[in-house]
Amino acid sequence: MQSLNTASNLAKPDDVYETLINAHDGLSKSQSDALNARLILILLNHVGDAAIINEAVALAKLPYGKDQK
């Protein structure tokens with residue numbers, strides 16, 4: 001059984017972050033929220049494992065600053 005990978009897994013995380021930020025450039029708050037929702041659904045489909053998704057949701061719900069793993 002797989003478990004959620006919380007270790008850094010991006011070769012160039014700053015580039016990926018910049019891509020994400022740039023995708024929101026010029027969008028209204030509602031358009032930005034819709035982009036985020038579509039992106040989340042696309043990535044959830046890519047992951048395709050309900051247990052991993054459930055673990056990620058639980059981790060994301062933890063208050064900021066808590067030891068998350």
Side-chain angles (χ1 to χ4, degrees):
M1 178 168 138
Q2 289 185 319
S3 65
L4 183 65
N5 178 7
T6 58
S8 181
N9 197 31
L10 296 169
K12 295 183 177 183
D14 291 339
D15 291 350
V16 174
Y17 180 76
E18 184 177 356
T19 297
L20 179 60
I21 295 304
N22 289 341
H24 292 269
D25 190 38
L27 299 181
S28 68
K29 170 76 167 106
S30 63
Q31 290 170 325
S32 182
D33 290 346
L35 172 66
N36 282 335
R38 289 190 305 273
L39 180 59
I40 289 166
L41 291 171
I42 290 166
L43 293 173
L44 289 176
N45 183 67
H46 178 76
V47 170
D49 184 319
I52 298 288
I53 293 166
N54 291 339
E55 190 177 347
V57 169
L59 186 61
K61 288 176 69 174
L62 290 176
Y64 183 77
K66 291 269 186 173
D67 181 22
Q68 296 183 1
K69 269 201 175 181

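Put simply, CG on Asn36 and CG on Leu41 are 11.0 Å apart, with the number rounded to the nearest 0.5 Å. Between the CG atom in Leu35 and the CD1 atom in Ile40 there is a gap of 9.5 Å [rounded to 0.5 Å]. Atom NE2 in His24 sits 7.0 Å away from atom CG in Leu39 (nearest 0.5 Å).
Residues meeting the side chain to side chain contact (heavy atoms under 4.5 Å, CB included) test with Glu18, sequence neighbours left out: Asn22.
The side chain to side chain contact (heavy atoms under 4.5 Å, CB included) test with Leu44 is passed by exactly one of Ile52, Ile53, Asp49: Ile53.
By the rule that hydrophobic residues join a cluster once side-chain heavy atoms approach within less than 4.5 Å of another member, Leu43 and Leu59 end up as members of separate clusters. Both Val57 and Leu4 sit in one connected hydrophobic cluster of ILVMFWY residues. Membership requires side-chain heavy atoms under 4.5 Å apart, directly or through other members.
A side-chain donor-acceptor contact under 3.5 Å links Asn54 to the backbone of Ala50.
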